[in-house]
Enquirer: 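Take this structure first; my questions come after.
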There are 2 protein chains.
Amino acid sequence: MSNLKLLAQSLGLSITTVSRALDGYADVAPATRERVQAAARAMNYRPNPAARSLRRRKAEAVAVTLPTEPGRFGPPIFLNMLAACGQRLAEEGLDLMLLPTAGRAGEMDTYRRVLDGRRADAVIVVRTRLEDERVAFLTERGIPFVTHGRTARPDEHAFIDGDGEAGFGDAARALAALGHRRIAHIAAPQDLTFAHLRRQGWLAALADMGSPDRLEYTAPPTEAGGYEAAQWLLRQSAPPTALLCATDSMAIGALSALKERGLAAGREIAVIGHDNLPSAAFTDPPLSSMEIAAPDVGRQLAEMLLARLGGREARELQTILPVRQVPRATHGPAN
Amino acid sequence: MSNLKLLAQSLGLSITTVSRALDGYADVAPATRERVQAAARAMNYRPNPAARSLRRRKAEAVAVTLPTEPGRFGPPIFLNMLAACGQRLAEEGLDLMLLPTAGRAGEMDTYRRVLDGRRADAVIVVRTRLEDERVAFLTERGIPFVTHGRTARPDEHAFIDGDGEAGFGDAARALAALGHRRIAHIAAPQDLTFAHLRRQGWLAALADMGSPDRLEYTAPPTEAGGYEAAQWLLRQSAPPTALLCATDSMAIGALSALKERGLAAGREIAVIGHDNLPSAAFTDPPLSSMEIAAPDVGRQLAEMLLARLGGREARELQTILPVRQVPRATHGPAN
DNA sequence: TTGACTTTCCAAAACGTTTTGGAAATCTAG
DNA sequence: CTAGATTTCCAAAACGTTTTGGAAAGTCAA
């Protein structure tokens, strides 16, 4: 509604001075500054973001693309994280742009469209893959970005991630300590970094215990995927006594398969997931899980992105958060 | 990178003509238009969105605020819907801005900030309440918007909604037909329109069957809420034989409470939810639910918003989608 | 052949900021 | 009292579009 010109006129000052007063430059007298600020408040002045970003050559926005696989999207946790992140960014006057894309090809198109058109100053990469062309693209262009999850060469970019490798190692060793010898892994597709690392943790623990059979099955990270995986594993000639699942969603599917076979999770076979979904506490029996031991991953992500925008080096911005076990009733001593 | 001036120079044309050629005006010769378009493609030209929206006095963006209640956010379905919506909007060159807010007060602040600053041309309102100050604010300002869910005065604005009232009426009557007489409702907070309507549907069915006791309990729309509600209902002197739950999340919590009491869902007590979450098919027993009988609510929402931006009247843009029952194993004949 | 239309193009003025490069006015030191 | 330094302000030039209000050339009818 009101702009700098109007404000300046009503104050008998130049546009320049009003602009600089509001931006807190030193070359405007304290008295004038206060006068200007009061007037701005009174007239409910807000700088026009289009004009500002045209002149400043900045979009004042951060983009995140959502690869929208038909039917299903990530855990509710995920939206939560974005919300926390966006809230912190808003405090700095940055908007969070959601860019849904259809499939991977569409995702790169969106990147080009958004970055060629300078619609965003920085990017958040989610569902990071081991070999991620998005990371390559952004690095090449020199656009500040932070990934949620690592890549195969994590030292080259800023990221925040949970230590899924340690988490799965701990869980597998805990199962071994309870007497389990046939600990199977229900894996998510291995191009996704989180899935790869969780499997690595499981493998490391198997190696520690003298590497018995490596029972595993890879499926989509959904309840249906977990169900299918559990069915397959239980059909084997020497079925596992424990199922270490890449995600809680998969674990929930696995529980359903166990029930169908008349196996009592917790007593006859162990199940452990990851994410500690709200519903994990309400499965039957309540699902043993693990989770990132930090309350505000989204906020930390925002903080890192801001640091990156402020010129901090990517190598200084690499956070691996510890994973904490959340034991419930789906695992116990082996029979 | 490249702008109109550069393009014009390389073509030996004026900026005006290039601009008009790209926008498809009639006053540029077909031959020139093609020449311009080819050059634009070759130079990978993209109009600077800041400059464009400064001049056009439009933001070319749609905002959606996410009231982020600590800890928990809506069902995964929700992100899916936003993704589908954003995808359609992107086809029209509109960005989808996610504005997370802390609590209701913060939400109105965000509205003012975004709309005073002309950061968005239109708004999507989610988690709509019966008396919704956001709707009042937007109406007063004359900003185009579509709500996801109705308000108490739905004829005054554009909305898209499922017919939860019919869905819950149908479900309750189906339960009655199976011999159930004590059909309880696990309600979500009644200021949320969807919760109110679902309860109304249940009430109407009760009235049809001669209105026996009205057993109900209101709780937050989470697993924990459903758990708490089921516990309370089962403690009553004449406990229900069926639980009609406002959401699947609540139903999952309720299932957990039943299990704890040794009640077999489906055989000894019926449970029905709403949303048909991916995990609903994998509870034990698989959860009877219902869902909106349309594949692409998000896309339809986008379409309505576009129509509204195109000048269509709000009263012509009011969609109520049918709700389809998804019977599974948590309900059956009353004993 | 001429006047009126059409077609095709363009110069210049916005849009609302930020920033550059001074210019007055005031102060300070000698 | 004066030269220089400091403080406080401002005019004007960007930023990259869109749009207005023609102008020049070409076409058509009489």
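As the structure is a computational prediction, the values presented were derived from the model and not from experiment. Every chain is numbered from 1 and lettered A, B, ... according to where its sequence line falls, protein lines coming before strand lines.
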Enquirer: Mind calculating the distance between OH (B:Tyr25) and C1' (C:dC10) to the nearest angstrom?
Expert: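 Atom OH in B:Tyr25 sits about 15 Å away from atom C1' in C:dC10.
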
Enquirer: Do B:Ser14 side-chain and C:dA11 base share a donor-acceptor contact under 3.5 Å?
Expert: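 Result: no qualifying N/O pair found.
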
Enquirer: Once you measure the plane-to-plane angle for A:His157 and A:Phe145, does it fall in the parallel (<30°), tilted (30-60°) or perpendicular (>60°) bin?
Expert: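 Ring orientation, 0 to 90° scale: parallel.
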
Enquirer: Return the value, rounded to whole Å, for the distance between atom CD of B:Gln9 and atom P of D:dG16.
Expert: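 Distance, rounded to whole Å: 12 Å.
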
Enquirer: Quick check on DNA chain C: between B:Ala51 and B:Thr17, whose nearest nucleotide comes earlier from the 5' end?
Expert: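 Result of the comparison: B:Thr17.
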
Enquirer: Rounding to a whole Å, what distance do you find between A:Glu34:CD and D:dT8:C1'?
Expert: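 Rounding to the nearest Å, CD of A:Glu34 and C1' of D:dT8 are 16 Å apart.
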
Enquirer: Using a strict threshold of under 4.0 Å (side-chain N to carboxylate O), is an ion pair present between A:Asp23 and A:Arg56?
Expert: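 A:Asp23 and A:Arg56: salt-bridged.
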
Enquirer: Using side-chain contact (heavy atoms from CB on, under 4.5 Å) as the criterion, point out the one residue from B:Ile15, B:Leu13, B:Val18 that pairs with B:Leu7.
Expert: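 Per the side-chain contact (heavy atoms from CB on, under 4.5 Å) rule, the option paired with B:Leu7 is B:Val18, out of B:Ile15, B:Leu13, B:Val18.
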
Enquirer: Measure CG/A:Leu54 against P/C:dT17 and give the value in whole Å, please.
Expert: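 Atom CG in A:Leu54 sits about 12 Å away from atom P in C:dT17.
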
Enquirer: Quick one: B:Asn3 CG to D:dA14 P, roughly how many Å, whole number?
Expert: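 The distance from CG of B:Asn3 to P of D:dA14 comes to 14 Å, rounded to the nearest Å.
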
Enquirer: Between B:Arg33 (CZ) and C:dC10 (C1'), how many Å, whole number?
Expert: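 Distance, rounded to whole Å: 17 Å.
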
Enquirer: Just call it for A:Thr32: base, sugar-phosphate, or nothing, with non-hydrogen atoms closer than 4.0 Å on any strand.
Expert: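 Sugar-phosphate contact only - A:Thr32 comes under 4.0 Å of backbone atoms but never of a base.
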
Enquirer: Does A:Arg33 use its side chain to pair, donor to acceptor, with the backbone of A:Tyr25 at less than 3.5 Å?
Expert: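 Yes, A:Arg33 side chain to A:Tyr25 backbone: donor-acceptor pair under 3.5 Å.
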
Enquirer: Look at the side chain of A:Arg55 and the base of C:dT18, then say whether one donor and one acceptor between them are separated by less than 3.5 Å.
Expert: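 Under the 3.5 Å cut-off, the side chain and the base do form a donor-acceptor pair.
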
Enquirer: Let me know the distance between CG of B:Asp23 and P of D:dG16, rounded to the nearest Å.
Expert: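 Distance, rounded to whole Å: 18 Å.
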
Enquirer: Would a 4.5 Å heavy-atom cut-off, applied to side chains only, mark B:Val146 and B:Val125 as touching?
Expert: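 A side-chain contact is absent here, since even the closest heavy-atom pair is not under 4.5 Å.
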
Enquirer: Report the residue from A:Asp161, A:Asp132, A:Thr193 that forms a side-chain hydrogen bond (donor to acceptor under 3.5 Å, both in side chains) with A:Arg150.
Expert: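 With A:Arg150 as partner, side-chain hydrogen bond (donor to acceptor under 3.5 Å, both in side chains) holds for just one option, A:Asp161.
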
Enquirer: From the options C:dA12, D:dT18, C:dT20, select the nucleotide whose nearest atom is closest to the side chain of B:Thr16.
Expert: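 My answer, after comparing the listed nucleotides, is C:dA12.
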
Enquirer: Note the angle between the end axes of the helix from C:dT1-D:dA30 to C:dG30-D:dC1, five pairs defining each, rounded to 10 degrees.
Expert: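 It works out to 40° between the end axes.
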
Enquirer: When you measure from the side-chain N and O atoms of A:Arg57 to the phosphate of D:dG16, is any distance below 4.0 Å, counting only OP1 and OP2?
Expert: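 Yes.
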
Enquirer: Counting just side-chain N and O atoms, does B:Ser19 come under 4.0 Å of either OP1 or OP2 of D:dT17?
Expert: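 Result: no.
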
Enquirer: Rounding to a whole Å, what distance do you find between B:Leu13:CG and C:dC10:C1'?
Expert: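 Rounding to the nearest Å, CG of B:Leu13 and C1' of C:dC10 are 10 Å apart.
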
Enquirer: I want to confirm an ordering. Mapping A:Arg56 and A:Val28 to their closest nucleotides on DNA chain D, which one lands closer to the 5' end?
Expert: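 Nearest nucleotide further toward 5': that of A:Val28.
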
Enquirer: Let's see if you can work this out: which of D:dC10, D:dT17, C:dG16 has an atom nearest to the side-chain heavy atoms of A:Asn48?
Expert: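 My answer, after comparing the listed nucleotides, is C:dG16.
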
Enquirer: Show me the donor-acceptor pairs within less than 3.5 Å that the side chains of residues 81-91 of chain B make with the rest of the protein, sequence neighbours left out.
Expert:
{"residue": "B:Arg88", "atom": "NE", "partner": "B:Glu303", "partner atom": "OE1", "Å": "2.9"}
{"residue": "B:Arg88", "atom": "NE", "partner": "B:Glu303", "partner atom": "OE2", "Å": "3.0"}
{"residue": "B:Arg88", "atom": "NH1", "partner": "B:Glu91", "partner atom": "OE1", "Å": "3.1"}
{"residue": "B:Arg88", "atom": "NH1", "partner": "B:Glu92", "partner atom": "OE2", "Å": "3.0"}
{"residue": "B:Arg88", "atom": "NH2", "partner": "B:Glu92", "partner atom": "OE2", "Å": "3.3"}
{"residue": "B:Arg88", "atom": "NH2", "partner": "B:Glu303", "partner atom": "OE2", "Å": "2.8"}
{"residue": "B:Glu91", "atom": "OE1", "partner": "B:Arg299", "partner atom": "NH2", "Å": "3.4"}
{"residue": "B:Glu91", "atom": "OE2", "partner": "B:Arg299", "partner atom": "NH2", "Å": "3.2"}

Enquirer: Tell me which one of B:Thr101, B:Leu138, B:Asp116 satisfies side-chain contact (heavy atoms from CB on, under 4.5 Å) with B:Tyr111.
Expert: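 Considering B:Thr101, B:Leu138, B:Asp116, a side-chain contact (heavy atoms from CB on, under 4.5 Å) with B:Tyr111 is found only for B:Leu138.
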
Enquirer: For A:Asp27, which contact category applies under a 4.0 Å heavy-atom criterion: base, sugar-phosphate, or nothing?
Expert: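 Base, at least one base heavy atom under 4.0 Å.
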
Enquirer: Counting only side-chain heavy atoms from C-beta out, which of D:dG16, D:dT17, C:dC9 sits nearest to B:Ala29?
Expert: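 Looking only at side-chain atoms, B:Ala29 lies closest to C:dC9.
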
